[in-house]
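Below, read A as the first sequence line, B as the second, and so on, with proteins coming before strands; counting in each chain starts at 1. Because the structure is a prediction, the values reported are computed rather than measured.
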2 protein chains.
Amino acid sequence: MSDLTGRLRRESRKITGPRAAILEILHAHPHPLTSREILAALPKDHCDLATVYRSMHLLETMGMVKRYHFHDGAARFELVGEGDDGHHHHLVCVNCSGVVEIAECFPDEIQKRIAQKNGYKNVTHKLEFFGTCPDCQR
Amino acid sequence: MSDLTGRLRRESRKITGPRAAILEILHAHPHPLTSREILAALPKDHCDLATVYRSMHLLETMGMVKRYHFHDGAARFELVGEGDDGHHHHLVCVNCSGVVEIAECFPDEIQKRIAQKNGYKNVTHKLEFFGTCPDCQR
DNA sequence: TTCTTAATTGCAAATCGTTTGCATTTACAA
DNA sequence: TTGTAAATGCAAACGATTTGCAATTAAGAA
C-alpha cells in the first residue's frame, strides 16, 4: 500500500481522500471489481463514479491496476500485486460469477510461434476460464 | 448458407430481406464484425441497427453466431462454420483492430488439470491474442 | 390466390457503462 | 501562508445496445 502512495507522489499525483479510499478498497478485495462495486464499497459513498473511472484510468496507465472484460461487457479492475506484473488469469463460475485466480498461463513457446507466423510484434494474450464451481454443482 | 435458412424455417422464423442480407454479409466476411460494420456492409443501408442487434441475438441463441469482446468494449459477431462448433481464437492488432484467426488452442491437459484442481465442471475458455500487426509496425 | 396471424421491422425513446467540460476545491511544495 | 497544478463533483455528452409500439410482411391455412 505505502509503496503505492509513494509511487503516486513520485509522479506528482496527489493522495486525496477519494483516491486513498479507492486504493484501500482494491487492496481489500483481491478480485476484479466493477466501477459500481468499487463505488458501493466506498465508506460514505462520498466519491463520484467519474472519480472512480478517472482513478482507474490513471492507475492503469501507471501499471498499478489491470482491466478485465469477462462475459458481460463491464470492465473490472484489479490491483497489480507486489513485484509481479499482475499477469494472471481467472476461472469464473458461469452461475454465481465467483472468481478463482489461476496460476497456469498460455505456453510462451506457442505464443511466440503464433506471433512469428503472423508477423505480429509485442504479442500478449487474455485468457479466461469458465465453468461451474463446486458450490453451484448442487 | 442454405442450411442456415433451413434452420430458420424449421424454427418458424421468417427469412426476411434484412435477415437474409445480414446472413450474406456474415458469410462473406469470415471475421468478427461489429454491428456497425455489418450495417455499413448492407446493400442499400436498408436495415436498422436495432434489426442487426435483434438478428445477432436470435442467431446467437440458435448457435449460428458467436459473440466476441476484444480490447474495446464493442461486441463482434462471427458466423459459426459448417459442422464445427466455432471454437477458435483470434490475434487482434491493438492499433487497427485487424484480426487473424488462430488455429492454436489452450492445451487440453492443462485445462483439465485446472478444472480438477478447483473442482469446477464443464470448463471452457476464451483466449485472445493482442499485438501490433505487420502493417501497423510502420 | 386470398386470408390470418405471428414474426419482424423501423423509428424513436430509453438504458447502461463510460467519458468529458467546467467551475470549484485541495494537496503540497516553495 | 500562498500559488498552482492536480483532482473533484456535478451534469451533460457519448457510444453501444435494448426496448416499446405501431406498421409491415412472410408463410401456412383456407
Side-chain angles (χ1 to χ4, degrees), chain A residues 2 4-25 32-62 64-78 97, chain B residues 2 4-25 32-62 64-78 97:
Chain A
S2 47
L4 294 183
T5 59
R7 183 91 192 279
L8 285 170
R9 196 170 296 112
R10 230 170 297 132
E11 304 204 16
S12 44
R13 311 326 289 237
K14 297 179 180 176
I15 320 285
T16 63
R19 189 169 286 174
I22 289 172
L23 279 172
E24 271 185 32
I25 300 300
L33 298 175
T34 64
S35 49
R36 281 221 137 57
E37 289 169 338
I38 294 173
L39 187 69
L42 284 171
K44 341 176 295 173
D45 189 62
H46 195 30
C47 167
D48 195 70
L49 242 196
T51 299
V52 174
Y53 279 111
R54 280 189 273 234
S55 294
M56 290 307 99
H57 181 257
L58 171 68
L59 295 173
E60 193 184 9
T61 62
M62 293 177 68
M64 295 161 63
V65 155
K66 285 237 177 186
R67 176 187 304 250
Y68 296 92
H69 287 95
F70 294 158
H71 47 304
D72 55 3
R76 280 153 215 269
F77 308 92
E78 188 180 48
S97 290
Chain B
S2 47
L4 294 182
T5 60
R7 185 90 192 278
L8 286 169
R9 197 171 294 113
R10 232 170 295 133
E11 305 204 16
S12 45
R13 311 325 290 238
K14 297 181 180 174
I15 319 283
T16 63
R19 189 169 287 171
I22 290 172
L23 280 172
E24 271 185 33
I25 300 302
L33 298 176
T34 65
S35 49
R36 281 220 138 57
E37 288 169 338
I38 294 173
L39 187 68
L42 283 171
K44 338 178 296 174
D45 190 61
H46 195 28
C47 167
D48 196 70
L49 242 197
T51 298
V52 174
Y53 279 111
R54 280 190 274 234
S55 294
M56 291 305 99
H57 181 258
L58 172 69
L59 296 173
E60 193 183 10
T61 64
M62 294 177 67
M64 293 162 62
V65 154
K66 286 234 175 186
R67 177 188 303 251
Y68 297 91
H69 287 96
F70 296 157
H71 51 303
D72 55 2
R76 280 154 216 266
F77 308 92
E78 188 180 47
S97 292

(message) Any heavy-atom pair between the side chains of B:Arg54 and B:His57 that's under 4.5 Å?
(response) no
(request) Could you tell me from which nucleotide to which nucleotide of DNA chain D, 5' to 3', there is an atom under 4.0 Å from chain A heavy atoms? (result) D:dA5 to D:dC10
(message) On DNA chain D, does the nearest nucleotide to B:Ile15 precede the nearest nucleotide to A:Gly17 from the 5' side, or the other way round? Give the residue.
(response) A:Gly17
(message) My understanding is that only one of A:Thr34, A:Ile22, A:Ile25 makes a side chain to side chain contact (heavy atoms under 4.5 Å, CB included) with A:Val52; could you say which?
(response) A:Ile22
(request) Could you check if a side-chain atom of B:Leu59 sits within less than 4.5 angstrom of a side-chain atom of B:Leu4, using non-hydrogen atoms only? (result) no
(message) Quick check on the helix from C:dT1-D:dA30 to C:dA13-D:dT18: what's the angle between its two end axes, five base pairs per end, to the nearest 10°?
(response) 30°
(request) Taking salt bridge (Lys or Arg N to Asp or Glu O under 4.0 Å) as the test, write out the residues that go with A:Glu60, two or more places apart. (result) A:Arg67
(message) Please list, in numerical order, the residues of residues 49-58 of chain B that have a heavy atom closer than 4.0 Å to any atom of DNA chain D.
(response) B:Leu49, B:Ala50, B:Tyr53, B:Arg54
(request) Report the C-alpha separation of A:Met62 and A:Leu8 in whole Å, then their side-chain angles, then the decisive distance to 0.1 Å, and conclude whether the side chain to side chain contact (heavy atoms under 4.5 Å, CB included) test is met. (result) CA-CA 9 Å; A:Met62 293 177 68; A:Leu8 285 170; 3.8 Å; yes
(request) Find which nucleotide of DNA chain D each of A:Ser12 and A:His46 is nearest to by heavy atoms, and output the residue with the more 5' nucleotide. (result) A:Ser12
(request) Output the distance between atom NE2 (B:His46) and atom CG (B:Leu39), rounded to the nearest 0.5 Å. (result) 12.0 Å
(message) At a heavy-atom distance below 4.0 Å, which nucleotide of DNA chain C is the first touched by chain A, and which is the last?
(response) C:dG17 to C:dC28
(request) Using a heavy-atom cut-off of under 4.0 Å over every strand shown, decide if B:His69 touches base, sugar-phosphate, or nothing. (result) nothing
(request) Strictly below 4.0 Å, heavy-atom distances to any atom of DNA chain C: list the hits from residues 35-42 of chain A, or just say none. (result) A:Ser35, A:Arg36
